[in-house]
Amino acid sequence: MTITIDDPPLERLIEEMRRLTGQADGTAAIRWAIEREMERAKLIKRFEAKNAELKKRVAALGPTDETFDMKAFRDETWARSRW
């Protein structure tokens with residue numbers, strides 16, 4: 001399948017990508033960029049799935065104490081952990 005690009009700004013981006021990545025030609029630069037973007041998208045999907053699972057586990061713990069002072073807790077824990 002041949003792709004014809006008749007978009008000067010896009011052609012400049014492709015050429016810049018080719019130079020930055022050391023690809024032999026524009027097609028290789030496009031392939032390189034798409035492969036990297038696909039890897040990134042897959043990582044995001046995996047993160048979202050893990051994050052959703054963690055949110056379910058946290059929700060299963062029950063409601064949180066709205067009066068809990070995290071700063072005071074950290075300060076107290078830090079003071080006790082010092083030598």
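Values reported hereafter were calculated over all heavy atoms of this structure, with side chains retained and with hydrogens, waters and symmetry mates removed.
Residues satisfying the side-chain contact (heavy atoms from CB on, under 4.5 Å) criterion with Asp6, sequence neighbours excluded, are absent altogether. Scanning for side chain to side chain donor-acceptor pair (under 3.5 Å) contacts around Thr64 gives Glu66, with sequence neighbours left out. Every ring-ring contact (aromatic ring centres under 6.0 Å, His included) that Phe73 has, sequence neighbours left out, goes to Phe68. Thr67 is linked by a side chain to side chain donor-acceptor pair (under 3.5 Å) to Asp65, counting only residues two or more places apart in sequence or in another chain.
For the atom pair Ser81 OG and Arg74 CZ, the distance stands at 13.0 Å (nearest 0.5 Å).
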Side-chain polar contacts of residues 45-56 - donor-acceptor pairs under 3.5 angstrom, sequence neighbours left out - could you list them?
none

Run the side-chain donor-acceptor check on residues 8-17: report pairs under 3.5 Å with partners two or more places apart or on a different chain.
residue : atom : partner : partner atom : Å
Glu15   : OE1  : Arg18   : NE           : 3.1
Glu15   : OE2  : Arg18   : NE           : 3.2
Glu15   : OE2  : Arg18   : NH2          : 2.7

Residues 25-44 side chain polar contacts: donor-acceptor under 3.5 Å, at least two apart:
residue : atom : partner : partner atom : Å
Asp25   : OD1  : Thr27   : N            : 3.2
Asp25   : OD1  : Ala28   : N            : 2.8
Arg36   : NH1  : Trp32   : O            : 3.4
Glu37   : OE1  : Arg40   : NE           : 3.3
Glu37   : OE2  : Arg40   : NE           : 3.2
Glu37   : OE2  : Arg40   : NH2          : 2.6

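Enclosure of atom CG in Leu61 by more than 12 non-hydrogen atoms of other residues, nucleotides or ligands within 6.0 angstrom is indicated.
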